[in-house]
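Data first, discussion second: the structure below is written as structure tokens.
Quick caveat, the model's predicted, so the values are computed rather than measured. Throughout, protein chains are lettered first and strands after them, A, B, ... in sequence-line order, and every chain is numbered starting at 1.
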2 protein chains.
Amino acid sequence: MTATPPSRPASPGRQPEAVDRDRYFSRLAQERPDIAMCRATTLVARSIDEELAGHRLTVAQHLVLKMLNDVGPCSQQELSAQLRIDRSVMVGCIDGLEDSGLVRRERHPRDRRAYAVTLTPEAGPALVEAEDGVPRLLDRAFGTLTAAERRTLTRLVGKILDVS
Amino acid sequence: MTATPPSRPASPGRQPEAVDRDRYFSRLAQERPDIAMCRATTLVARSIDEELAGHRLTVAQHLVLKMLNDVGPCSQQELSAQLRIDRSVMVGCIDGLEDSGLVRRERHPRDRRAYAVTLTPEAGPALVEAEDGVPRLLDRAFGTLTAAERRTLTRLVGKILDVS
DNA sequence: GCGAAATCATCTGCAAGTAAACAATCTGGG
DNA sequence: CCCAGATTGTTTACTTGCAGATGATTTCGC
């Protein structure tokens with residue numbers, strides 16, 4: 001980590017041109033993993049949005065369908081908590097899926113506050129199609145990384161998320 | 001990576017409770033590095049915002065001061081390009097720094113379209129203070145990672161950013 | 001030199017995420 | 001049973017980053 005010392009501004013504005021101003025970002029990304037990660041995530045999100053431009057489902061809607069298919073009917077609260085999507089965002093997300101006829105808001109049998117969001121038969125093909133697009137999506141976003149590097153990145157990010 | 005196979009929705013809505021719905025996010029983060037990265041970046045950004053709550057400088061303002069100190073007066077265009085901050089956002093960023101008396105918008109000697117954003121003497125202490133806070137900031141954001149893991153993460157993220 | 005195109009800083013509108021308030025409903029203490 | 005507090009879904013307001021338009025200025029082709 002001694003490759004790029006913090007370079008304390010001991011004499012502010014003194015050194016005239018010590019650093020290449022055309023490649024300054026490269027230096028910054030070395031010292032500040034937080035900044036590098038934010039900028040990289042922006043790139044990843046952008047490339048995924050481009051990949052999904054023509055498709056019917058947003059990323060969030062795809063995740064909702066996937067979770068419902070994996071664990072069965074859920075309340076919006078459960079979907080929000082597990083998918084890390086805010087409750088108020090989940091409302092519009094389910095609205096869109098309901099308008100598309102892919103889910104129904106059924107009443108939760110034991111708690112009339114909550115819905116039991118449920119897949120319709122039409123959801124199956126839509127989910128398969130979205131799921132099939134995932135590898136291409138990941139290749140576009142993480143194309144510069146090898147498979148091993150992607151696994152390492154996943155592991156490290158998982159530690160930040162504090163998930164087993 | 002065969003730990004969590006993609007689990008194609010062969011029979012949608014058929015398997016009743018194959019997956020633990022209380023730990024579904026953990027599974028998702030394993031299969032979808034893009035989602036994991038987005039969520040982790042949100043956490044990192046949040047913890048940094050909390051750390052900087054009482055301070056005078058935003059992250060962007062800190063970066064601007066740092067770059068100006070490292071490479072000398074810059075146009076807003078150069079700052080935007082290297083710090084990966086949109087031009088229109090940079091306007092407000094420099095406005096704040098100018099109001100705080102830390103930079104001045106001087107005219108570029110050879111191009112009257114551009115400014116030469118320049119540090120004032122008051123910027124020195126502010127930059128030193130912000131710079132001193134960086135290690136604490138990174139510890140809060142990446143506390144669950146060892147130093148070696150942070151370096152690995154920085155390297156992998158750097159590859160996504162496509163910087164040497 | 002002169003006009004077209006590009007560039008810099010700025011402004012406006014837009015999309016997305018977050019926080020807070022709200023009504024309906026559930027839960028627990030008395 | 002009854003009431004205070006918590007929870008679920010929803011709406012609204014606020015913040016933030018981004019795309020596009022604009023005016024001033026520079027650069028390039030002729």
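Here the P atom of nucleotide D/dG17 and the CD atom of B/Q61 are 11 Å apart, to the nearest Å. If you measure from atom CD1 of A/I85 to atom C1' of C/dA16, you get 13 Å, rounded to the nearest angstrom. In this structure, B/L83 places its CG atom 15 Å from C1' of D/dG17, rounding to the nearest Å. The separation between B/Y115 atom OH and D/dA24 atom P is 13 Å, rounded to whole Å. Going from atom CZ of B/R39 over to atom C1' of C/dG17 covers 11 Å, rounded to whole Å. Distance, A/D86 CG to D/dT12 C1': 13 Å, rounded to whole Å. In this structure, A/R112 places its CZ atom 14 Å from C1' of C/dT27, rounding to the nearest Å. Atom pair A/E50:CD and D/dC18:C1' shows a separation of 14 Å (rounding to whole Å applied).
Across all strands, B/R87 comes closer than 4.0 Å to base atoms (heavy-atom distances). Note on B/R105: only backbone sugar-phosphate atoms sit closer than 4.0 angstrom, heavy atoms only; bases stay farther off. Using a 4.0 Å heavy-atom criterion, one finds that A/S88 contacts the bases of the nucleic acid, with or without backbone contacts as well. Counting any heavy atom pair closer than 4.0 Å across all strands shown, B/R107 reaches no nucleic acid atom.
Contact annotation: the side chain of A/T144 never approaches that of A/E149 to less than 4.5 Å [non-hydrogen atoms, C-beta and beyond].
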- [ ] Report the C-alpha distance between A/E31 and B/K66 in whole Å, list the side-chain angles of each, state the deciding distance to 0.1 Å, and finish with yes or no for salt bridge (charged side-chain N to carboxylate O under 4.0 Å, His left out).
- [x] CA-CA 12 Å; A/E31 321 182 11; B/K66 178 171 162 55; 3.3 Å; yes
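At the phosphate of D/dT8, OP1 or OP2 sits under 4.0 Å from a side-chain N or O atom of A/Q77.
Among the nucleotides C/dG17, C/dA9, D/dG17, the one closest to the side chain of B/V89 is D/dG17. The side chain of B/V91 lies closest to C/dT10, out of D/dT26, D/dT10, C/dT10. Of the candidate nucleotides D/dG9, C/dT10, C/dA19, C/dA19 has the atom nearest to the side chain of B/R46.
Side chains of A/H55 and A/E129: no donor on one and acceptor on the other come within 3.5 Å.
The CD atom of A/Q61 sits 12.5 Å away from atom CG of A/L127, with the distance rounded to the nearest 0.5 Å.
For the pair A/R113 and A/I94, nearest-nucleotide mapping onto DNA chain D gives the more 5' position to A/R113. Remark on DNA chain D: of its neighbouring residues A/E78 and A/T42, the 5'-side contact belongs to A/E78, judged by nearest-heavy-atom nucleotide.
Note on A/F25: it clusters hydrophobically with B/V89, by side-chain heavy-atom contacts below 4.5 Å among ILVMFWY residues.
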